[in-house]
A.B. asks: 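Dropping the structure in here first, questions after.
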Protein chains: 2
Amino acid sequence: MAGTGAMMGAMFGAETGKLLDRAARTCDRNGSRLTDIRRHVLGLVLDSDRPVGAYDLLDRLRQSHKGAAPPTVYRALDFLQEQGLIHKVERLSAFVGCVQDDRGHDHAHHDHKVQFLICSVCQRTVEIDEPRIADALEAAAARHGFVPRRSTIELEGLCADCVAEADRAEQAREPG
Amino acid sequence: MAGTGAMMGAMFGAETGKLLDRAARTCDRNGSRLTDIRRHVLGLVLDSDRPVGAYDLLDRLRQSHKGAAPPTVYRALDFLQEQGLIHKVERLSAFVGCVQDDRGHDHAHHDHKVQFLICSVCQRTVEIDEPRIADALEAAAARHGFVPRRSTIELEGLCADCVAEADRAEQAREPG
DNA sequence: AGTATCGACGTTATAGTATAACAGCTCGGC
DNA sequence: GCCGAGCTGTTATACTATAACGTCGATACT
């Protein structure tokens, strides 16, 4: 019986496990509690290779937490967003993990400077971090006397893989 | 009985009326039909000084179109977005008008290069058009082999008016 | 130990946003 | 007149999110 927290870790792969441990340390530093449910939800998000919707998470969470209901998962998601451990992709109403380096840059600042590239075909979403984009937006805002708080910068289109795939399909139809 | 279309125009103010006529010409040029319902929904959006939700529009639409249901308004909204006559503000799940100059710049291009400043307090939302922001985002996308289609660039914060209001309230509490 | 408090969670109900599916109608071209 | 395409009517339902209230357990202070 070497601690239930450690048992939870075993439910995810090694890679995810490392990230979860890192997240736990982040929460410790913030004086907040990464409970079993929160840790589990974070694990589910991290284990996915694309953004996950709240009700998808709920279905998966129920496999281990029978009593889980929508508020269960939304509360966990709210917490994880506050900790900067996940982000919401607005266009998809779905969530992606964002576990930084331990000594990673200031999250409070980082949090509203993130950008996403969202593939319309495969839904895979990558986070990019080009401060100049958010900076340009904030500069424009300042010219309107606008005080910024949170930005949503998302670009929907085709990822490199799906472009290549589409090209291949095109070639097949018109081999000349 | 001088045409029902003209009668519809009378339901909105002069300013909105002009924009509606302009929108009608845009649709003509595109070979698409600005029907009564679509025109009415566009008028309601244009008449509001802040973004309007679909079900708000539905309530208002029902005052003249008794049988209107959610699909009625969503269809109109889809059409108007395709025509570039309105935009959706993702953070609010609400819609704002965007009727350009008659000889306005290319809409297909414009459409995915728009940015919004959204006030958390009063909800008023202004559209800004800083090509450099969208350009920077697309340049970053290109470096990932990503082919862009539509961007969502929204900044939530406090508009100049609400900042001033907040300052005044602050002064009142601490007059020193 | 007693107890006040606070944060997390359980549970039920409901609000808010959006679309599926199919039927009927109208308008313009033939 | 008839056909086809596009627009609308209608019903039902899916999906996303939160309100409201009760319980429980850990913590800290007495």
Side-chain angles (χ1 to χ4, degrees), chain A residues 3-5 8 24 27-28 30-42 44-45 51-83 85-96 123 152 154, chain B residues 3-5 8 24 27-28 30-42 44-45 51-83 85-96 123 152 154:
Chain A
T4 58
M8 294 277 318
C27 289
D28 272 356
N30 295 353
S32 55
R33 296 167 49 200
L34 188 63
T35 63
D36 272 2
I37 287 180
R38 291 165 175 176
R39 182 185 173 91
H40 201 120
V41 169
L42 177 57
L44 291 171
V45 172
V52 203
Y55 281 73
D56 276 358
L57 289 169
L58 179 56
D59 287 344
R60 298 181 201 177
L61 184 62
R62 275 184 167 144
Q63 292 171 12
S64 54
H65 292 73
K66 296 298 167 61
T72 313
V73 69
Y74 278 104
R75 283 168 185 152
L77 291 169
D78 286 347
F79 172 85
L80 295 169
Q81 282 181 274
E82 278 163 18
Q83 300 298 311
L85 296 169
I86 64 173
H87 291 304
K88 181 175 181 182
V89 183
E90 299 283 344
R91 285 199 87 85
L92 303 177
S93 292
F95 301 84
V96 293
Q123 257 67 60
T152 302
E154 299 178 355
Chain B
T4 57
M8 295 277 319
C27 289
D28 272 355
N30 295 353
S32 54
R33 295 168 49 198
L34 188 62
T35 63
D36 272 2
I37 288 180
R38 291 165 175 177
R39 182 186 174 91
H40 200 122
V41 169
L42 178 57
L44 291 169
V45 172
V52 203
Y55 280 74
D56 278 357
L57 289 170
L58 178 56
D59 288 344
R60 298 180 202 177
L61 184 62
R62 276 184 167 144
Q63 291 170 12
S64 54
H65 292 71
K66 295 299 167 58
T72 313
V73 69
Y74 278 104
R75 284 167 186 155
L77 291 170
D78 286 348
F79 171 86
L80 295 169
Q81 283 181 273
E82 278 163 18
Q83 301 298 310
L85 295 169
I86 64 174
H87 290 304
K88 181 174 180 182
V89 183
E90 299 284 342
R91 284 201 87 86
L92 303 176
S93 293
F95 301 84
V96 293
Q123 256 69 58
T152 301
E154 299 178 354

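On a predicted model such as this, the values are computed, not experimentally measured, just so you know. A note on names: the letters A, B, ... follow the listed sequences, proteins ahead of strands, and every chain is numbered from 1.
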A.B. asks: List the protein contact pattern of nucleotides 19-25 of chain D with one symbol per nucleotide (5' to 3'): B for base contact, S for sugar-phosphate-only contact, - for none; contact means a heavy-atom distance under 4.0 Å.
C.D. replies: BB-----

A.B. asks: Rounding to a whole Å, what distance do you find between A:D78:CG and D:dA17:C1'?
C.D. replies: 10 Å

A.B. asks: On DNA chain D, nearest-nucleotide positions of A:G53 versus B:P70: which is more 5'?
C.D. replies: B:P70

A.B. asks: With sequence neighbours excluded, tell me which residues meet side-chain contact (heavy atoms from CB on, under 4.5 Å) with A:A68.
C.D. replies: A:L58, A:L61, A:R62, A:H65, A:T72

A.B. asks: Is there a side-chain contact between B:S93 and the phosphate of C:dG16, meaning an N or O under 4.0 Å from OP1 or OP2?
C.D. replies: no

A.B. asks: Do A:E90 side-chain atoms and A:T152 backbone N/O form a donor-acceptor pair below 3.5 Å?
C.D. replies: no

A.B. asks: Rounding to a whole Å, what distance do you find between B:I37:CD1 and C:dC25:C1'?
C.D. replies: 13 Å

A.B. asks: Could you tell me which non-hydrogen atom of B:L34 sits nearest to which non-hydrogen atom of B:F79, and how far apart they are?
C.D. replies: CD1-CE2, 4.2 Å

A.B. asks: How many Å lie between CZ on A:R39 and C1' on C:dC9, as a whole number?
C.D. replies: 19 Å

A.B. asks: Which nucleotide in the list D:dT10, D:dA17, D:dC7 gets nearest to the side chain of B:T72?
C.D. replies: D:dT10

A.B. asks: Within the 4.0 Å heavy-atom criterion, would you say B:K66 contacts the bases, only the backbone, or no part of the nucleic acid?
C.D. replies: nothing

A.B. asks: Within the structure provided, determine whether B:L85 and B:R38 are in side-chain contact (heavy-atom separation under 4.5 Å).
C.D. replies: no

A.B. asks: Nearest-Å distance, CZ (A:F95) to P (D:dC15)?
C.D. replies: 16 Å

A.B. asks: Nearest-Å distance, CG (B:L34) to P (D:dG6)?
C.D. replies: 17 Å

A.B. asks: Which whole-number value in Å describes the distance from B:K88 NZ to C:dA18 C1'?
C.D. replies: 8 Å

A.B. asks: Going by distance alone, is a donor N or O of one side chain under 3.5 Å from an acceptor N or O of the other, for A:Q83 and A:S32?
C.D. replies: yes

A.B. asks: Give the rounded distance in Å between these two atoms: CG of B:D59 and P of C:dA15.
C.D. replies: 14 Å

A.B. asks: Within this structure, what is the CG-to-P distance between A:L61 and C:dC9, rounded to whole angstrom?
C.D. replies: 11 Å

A.B. asks: B:Y74 side chain N/O closer than 4.0 Å to the phosphate oxygens (OP1, OP2) of C:dA18?
C.D. replies: yes

A.B. asks: Can you find a pair of side-chain heavy atoms, one from B:I37 and one from B:V73, that are under 4.5 Å apart?
C.D. replies: no

A.B. asks: Show the nearest heavy-atom pair for residues B:F95 and B:I86, with the distance to one decimal.
C.D. replies: CD2-CD1, 4.0 Å

A.B. asks: Of A:Y55 and A:R38, whose nearest nucleotide on DNA chain C comes first from the 5' end?
C.D. replies: A:R38

